[in-house]
Structure formats: structure tokens, C-alpha cells
Amino acid sequence: MTRQMTGAQIVIKALKDQGVDTVFGYPGGAVLPIYDEIFQQNGIRHILVRHEQGATHAAEGYARSTGKPGVVLVTSGPGATNAVTGMTDALMDSIPMVVLSGQVPTFMIGTDGFQEADTVGITRPCSKHNWLVKDTNKLAQTIHQAFHVATSGRPGPVLVDIPKDVQFATGTYVGPNKAEISHYQPQLKGNIDEITALVEAIETAERPVFYTGGGVINSGTGACQLLREFVAGTGFPITSTLMGLGAYPASGEQWLGMLGMHGTYEANLAMHDCDLMINVGARFDDRITGRIDGFSPKSTKVHIDIDASSINKVIHVDIPILGDVGHVLEDALRLWKSRGRKTNTASVTKWWAKINEWRGINCLAFTNSTTTIKPQHALQRLEALTSETERYITTEVGQHQMWAAQYLGFEDPHRFMTSGGLGTMGYGLPASIGVQVAHPDALVVNIAGDASFLMNMQEMGTAVQFNLPVKQFILNNERLGMVRQWQQLLHGERYSHSWSESLPDFVKLAEAFGAKGIRCDDPKNLDDAINEMLQYDGPVIFDCLVEKHENCFPMIPSGKSHNEMLLGDEPVTDAISGDGAVLV
Amino acid sequence: MNALSLKKDASRKSAYDLHSPLGTTIETHTLAIVVDNEAGVLARVIGLFAGRGYNIESLTVAEVDHHGHLSRITIVTTGTPSVIVQIKAQLARIVPVHEVHDLTVEGPSVERELAMLKVSGTGEKRVEAMRLAGIFRASVVDTTLESFVFEITGAPNKIDAFVDLMRPLGLSEIARTGVAAMLRGI
């Protein structure tokens with residue numbers, strides 16, 4: 001069915017036909033025709049944010065917690081440039097996102113018009129693809145193509161830039177089924193020879209480990225189910241990156257905890273000493289590998305990834321499998337079963353004995369206090385009081401983020417939303433809003449630091465306006481904790497600009513926004529205060545005053561290998577030295 | 001691009017690589033990239049090279065299929081074998097890129113470039129320039145009493161040789177198209 005309508009009507013119709021129910025946005029001159037159409041319909045809910053960066057992170061939270069693309073609508077110029085950080089974040093973490101931006105009318109492009117920016121130029125390196133639509137007749141086709149690109153293969157952000165005259169002009173609408181088929185069709189099925197090589201390696205491995213990442217979650221709940229079946233069937237240990245938490249349940253017996261710079265002792269040593277590493281949808285990020293030439297020196301490495309450019313980028317792998325995680329796991333599992341479900345049981349049992357020795361170190365132990373709230377303790381209590389509820393967690397970036405990954409357990413995929421690759425402070429609050437919009441009845445908690453929270457705190461206004469009962473759990477140490485930790489480790493305890501003076505009173509801040517504020521500084525009152533937060537039907541800022549100089553352990557200092565971890569009870573001053581100092 | 005072509009070697013490009021890449025051989029490869037002829041496609045390709053620190057020795061681009069809106073970009077690039085593999089994988093995932101061919105690997109291929117050289121002078125030098133142009137089968141596309149513009153087509157090293165010979169004879173300006181390349185045989 002094709003019919004004539006204005007560009008603005010085409011935008012709304014195309015979004016509806018793509019199954020979009022929510023748009024995060026902020027109006028401005030160059031998108032007024034689209035906002036006029038939003039006003040005249042009920043099918044799509046528009047969430048008015050307070051800053052366009054908030055819209056992009058909210059869309060990420062929505063996408064990450066549902067598996068559906070997040071949709072953002074911003075105006076030209078500053079509207080679009082404010083979206084850049086969130087788009088870059090989504091690109092690094094492979095989050096599907098469609099950004100629609102207004103643009104000055106086509107006849108004004110290039111004249112430095114009011115609120116004109118070269119949006120497709122600016123967003124080219126931070127999007128999977130982008131389009132400037134100069135003809136209303138091509139608008140529907142382009143939007144459908146945008147959704148296809150954002151969600152196919154390795155997901156990511158895309159942007160469609162729509163000049164204002166194109167929004168006003170009349171053109172022909174085409175539906176998603178009538179739209180031209182894109183040549184962009186990433187390969188889903190893995191090569192069967194490589195999959196056979198993987199199965200053969202599984203059958204003989206003496207010290208295997210599964211190392212999984214965000215690709216499993218992006219591949220869908222079916223892929224997570226297949227992974228769980230494979231792990232259970234083989235009896236192999238499993239660890240995951242920050243982005244992959246929840247694909248395998250944290251309560252599972254074979255779960256080693258997160259790996260990497262602040263990963264567990266057992267996970268990192270298992271990676272270092274293994275003879276078979278099965279990387280499922282992770283990308284050998286530098287937070288994971290540590291020193292490259294000391295990375296898992298004795299292992300045969302398998303890498304399942306849908307993005308060919310991720311394979312052999314930083315780590316040479318022996319068995320590369322290009323394809324979708326779900327498809328490859330399905331084929332591998334079927335083949336492994338048909339060949340008799342073989343593993344090298346005797347050796348794997350010995351391997352587990354070794355791993356259990358490492359587990360005995362209890363690397364996440366910390367010295368608790370009866371007078372000061374330790375941040376780890378606060379998260380343990382939050383975990384204890386919420387783990388039975390329908391719960392979604394977002395985080396900001398820093399020490400609190402790592403503690404959240406260490407001390408909270410994620411039983412299912414799509415439950416942990418965090419800025420992994422880009423490390424964007426200010427991500428968590430707007431992301432929690434996006435999650436709550438998608439899951440109105442669930443508990444959504446943003447684990448925050450005082451400094452990160454301030455970066456996008458204006459979004460409290462959004463939470464209050466739309467009755468989104470997000471809980472902002474601030475581990476307030478009045479410091480930029482992770483920066484402070486690195487200055488202690490690397491810069492002779494010279495704490496250059498890593499503390500905050502004149503922090504706001506977070507309780508009054510909450511009240512100023514029309515939310516509830518709770519403060520707690522005594523471990524004895526912590527449970528009651530957390531329960532008060534959980535029971536309040538509305539947004540809460542929880543100001544949890546914690547130990548100011550707590551460090552995040554275990555830690556692999558930069559420039560070191562997995563087997564050179566720092567644990568909590570070791571001296572740390574100047575722990576990073578020499579070659580490692582130049583690394584981030 | 002299939003997975004097999006990515007199997008060759010590991011890159012050492014990482015923030016955590018503390019060792020100089022020196023000692024790894026630098027190779028020159030000629031890539032032919034078929035792309036949708038749409039706005040910004042060349043910026044995407046060049047931006048990839050600039051953003052990730054890859055080299056471009058030469059680049060040519062022109063539409064080759066007007067009806068299908070396809071352009072062909074020929075890039076001569078250099079890098080270690082693992083960087084070359086990474087360049088191809090990165091190119092292949094750009095949405096408007098249809099095909100990436102490494103003519104150096106898939107070869108043998110023929111490479112041709114066109115150049116124009118302006119040589120100014122009189123007397124002996126002018127005669128010598130004309131004589132050498134004949135040897136190189138360069139043709140004269142413009143002349144005044146004190147200058148020639150030569151047009152020469154050939155492999156890049158042939159053009160290099162001609163340029164070197166013209167330099168002492170009054171070479172004042174050069175324009176080169178960059179390499180166009182194609183596989184030999186069917």
C-alpha cells in the first residue's frame with residue numbers, strides 16, 4: 001500500500017510500522033512538524049528528556065532491557081551534537097538505536113543557518129550508518145533501512161537527518177514490506193568446518209573456559225538459553241565481560257564471576273592457565289586482556305563473533321567462527337550432542353579442583369566496619385534486599401560500577417545496563433529512565449557515584465514528570481573514586497582535582513525535583529533506609545555516605561597480566577609503574 | 001569476505017601492546033572496493049583510514065555503473081599483514097560497501113596510472129625531454145614554444161621513472177590520477 005502524506009506524517013507512520021511504542025526526545029525549530037504529528041496521535045509515547053544526551057542514554061536503557069531498538073528524536077545543531085556522546089556509547093557497546101534529527105531546510109544547508117550543523121559529518125564516525133534525506137519520497141524507505149541496519153548483524157546506532165522542508169513536503173509512503181531490500185545482510189550461520197574444530201577442541205580440552213560477552217545478550221534470549229545448555233552439558237567453567245553479565249546466571253555453580261581488570265581472581269587465573277578459551281560474543285577488550293603478550297599464553301582460542309573486524313583484531317585466535325552467536329551455538333551444540341556429548345572428564349575434574357583453590361582465596365572479601373558504610377557492604381545489602389524482586393540495574397561509571405558488577409548477581413540477560421566500552425559518566429540516570437519506561441512495574445535501580453550522578457542529574461525532572469519510580473542509589477564518597485584510586489596507584493597520592501567540594505545536599509536536591517530524598521551514613525540504619533527507598537512509590541535519590549578512600553579490588557594494574565593481580569590486602573602505592581603508566 | 005581470509009595473523013595493535021611493531025614486514029596492497037555511489041561514501045572510507053591510523057598511498061574513485069549507482073574505489077595501502085587484514089574487515093562492514101577485493105592477494109593484477117607533466121625549457125633540454133617522451137610513449141597534449149604538457153600512462157613505477165628523468169629537464173608541475181587496477185584473466 002502506498003499513499004501520499006507529509007514527511008512528518010511519514011516519520012510517525014514509519015515508526016509505528018516498525019513497532020515503535022516509545023520515543024525519547026526534545027523538540028526544537030527543525031523538528032516542529034514532527035512534534036506537531038506526535039501531538040495528533042496516541043500510538044507512540046514521547047518521553048520529554050531534559051538534555052539530548054539523556055535521550056540517547058534513555059534509549060540505550062530501553063534497548064538494552066528489551067532487545068528492541070531505542071528511538072531518539074532531536075532537533076538540528078545542538079540537539080544533534082548533544083546526541084553524539086550517547087551514539088558513541090551505543091556504538092562501542094553495540095546497542096541498537098535509531099536517532100532522527102531535524103535539519104535546516106535543504107535550500108539553507110551549507111549557509112551556516114541558525115542551528116545548522118553538519119550532522120551526518122559529525123555523526124559519521126559514531127554511527128553504524130547515517131543518512132541525510134533530501135527527498136520526501138525517499139524518507140520512508142530510509143527510515144525502514146535505518147531500522148534494518150541498526151538491528152542487523154552487530155547492532156549499533158544509526159541516524160537519519162531530515163531537513164525541515166522535507167518534513168513539510170508531501171511524498172509517497174512505502175511500508176516495511178514494500179521497502180527495497182538492503183544488500184546489507186550480515187552472515188548468521190557459522191562455517192561448519194570451524195564449528196567442527198570447536199567441538200573437537202571441547203571433546204579433548206583439559207582446562208577449558210567459556211569467556212562470554214555482550215554478543216550473547218544481543219543475539220537474544222534463545223542464545224542465552226543455548227549457552228546455558230552448553231555450559232551445563234560440558235561442565236566447563238564460565239566467566240563473562242561486564243557487558244555479558246546475566247547471559248549465564250550468577251547463581252550457577254559453574255559461574256566464576258566477571259573477568260578483567262576488576263574481575264575475580266578465579267576468573268582471571270582460569271583465563272590465564274586455560275588450554276581452551278571459548279570466546280562467545282566478546283571482543284578481547286583491553287580491560288579484559290591486560291598485557292597482550294602475557295594473555296592466556298597456553299590456550300587454543302576460539303572466537304565466535306558476528307563482526308569480522310573483531311576477529312584477530314588484538315588477539316590471534318586459532319578457531320575463528322564468523323556468525324551470530326545463537327546460530328553458531330545451536331549448530332555446535334547439536335554437533336557435540338550427535339558425537340556423543342564427550343568431554344575429557346578426568347582432566348576437567350582436576351581443573352575444577354584448581355579453580356576451587358583459587359575460589360578459596362575469596363578475592364571479594366573486604367574489611368567491613370560498624371561505624372562507616374563500606375560501598376561493598378551497601379551493595380551486598382541492596383542485593384540481599386532486592387534479589388527476589390523483578391529487578392533491573394543500571395550504573396554510572398567508576399568504582400561503584402565495578403562494585404555493582406562484583407557484588408550484585410544477575411540471573412537473566414537484559415537486567416544490567418552499563419556503559420562498558422565508552423565508560424560514559426552520566427549514563428546511569430537517563431538509562432534507568434529508559435528501562436523504567438519499558439518495564440513500568442519493575443524495580444529499577446541506578447547504582448551511581450556522586451560525581452557521575454551530577455553529570456546528567458537534570459533527568460530527575462523527566463523521572464518526576466513521567467512518574468517513573470527510578471531509584472538513584474548514590475555511593476557518595478565525595479571523590480572521583482576511580483580517578484583517586486589511580487592517582488594513589490600511579491601518581492604518588494597526589495590527588496589532583498579528584499574530589500568534589502560543595503556537593504549538593506542530595507536529599508534537598510531530590511525534594512527540589514519533587515522526588516524523595518533519603519540519606520544514610522550509619523551501617524546500622526542501612527537496611528531500614530534501603531527498605532524505605534524500595535517501598536516508596538516514586539523516584540528516590542538515596543544518598544549513601546560511604547567510606548571515602550575505599551579502593552576497588554581485585555585489580556590487574558595496567559600493563560600487567562592476568563596472573564599479576566592486586567588483592568585488597570596488598571600495598572598499592574605506586575603499583576602501576578614503568579610501561580604500564582602510559583596506558584589508560 | 002569470508003572468515004578464512006581473516007585467519008592469517010594477529011594484530012598487535014592494542015593499548016596494551018608495549019612492544020614496537022618494528023620487525024614485522026610492511027606490505028603494500030592494492031584494494032578494489034565497490035560501493036554505492038551515494039553522498040558521503042568516500043568520506044566514510046577515508047574517515048576509516050584516518051580514524052584508525054591506516055595509510056593511503058594512492059586513491060582513485062569514479063562511478064563505474066551509472067544505472068546501478070556503483071562506484072569503484074582503488075586504494076593502495078601499506079601495513080603489516082595483520083593490519084591489512086583488519087583494514088579489509090573494517091572496509092567490509094561499512095554499510096554502502098558491496099565488495100572488498102585485495103588484488104595483491106587475489107592477483108596477479110594489472111595496475112595503471114595516468115600522469116600529466118609540465119616541462120618548461122628551451123634548446124637542448126627541450127629536445128631531450130621530447131626524445132625521452134618518445135621512449136616512454138608519452139604523448140604531448142599541450143605545447144608552447146617554451147613548454148610541453150606530456151600525458152603518460154603506465155604502471156606507477158614507470159611514471160616514477162619518467163618523472164625522475166624529467167626533473168633535470170625543467171619539470172615544473174605534475175598531476176597524477178592514482179592507481180586503477182584490475183585482476184588479470186577472466
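Remember, predicted model here, so these are calculated numbers, not experimental data. Numbered from 1 within each chain, the chains take letters A, B, ... in sequence-line order.
- Using a 4.5 Å cut-off between heavy atoms, A:His129 contacts chain B through both its backbone and its side chain.
- Comment: B:Arg93 engages A:Asp307 in a salt bridge, judged by a side-chain N to carboxylate O separation of less than 4.0 angstrom.
- Using a 4.5 Å cut-off between heavy atoms, B:Ala39 does not touch chain A at all.
- If you tally non-hydrogen atom pairs under 4.5 Å between each of B:Arg44, B:Gln90, B:Glu38 and chain A, the highest count goes to B:Arg44.
- Screening B:His69, B:Glu63, B:His66 against B:Asn37 for a side chain to side chain donor-acceptor pair (under 3.5 Å) leaves a single residue, B:Glu63.
- Looking at A:His148 and B:Val95, their side chains never come closer than 4.5 Å, going by heavy atoms from C-beta outward.
- The pair B:Lys125-B:Glu128 does not meet the salt-bridge criterion, since no charged nitrogen lies less than 4.0 angstrom from a carboxylate oxygen.
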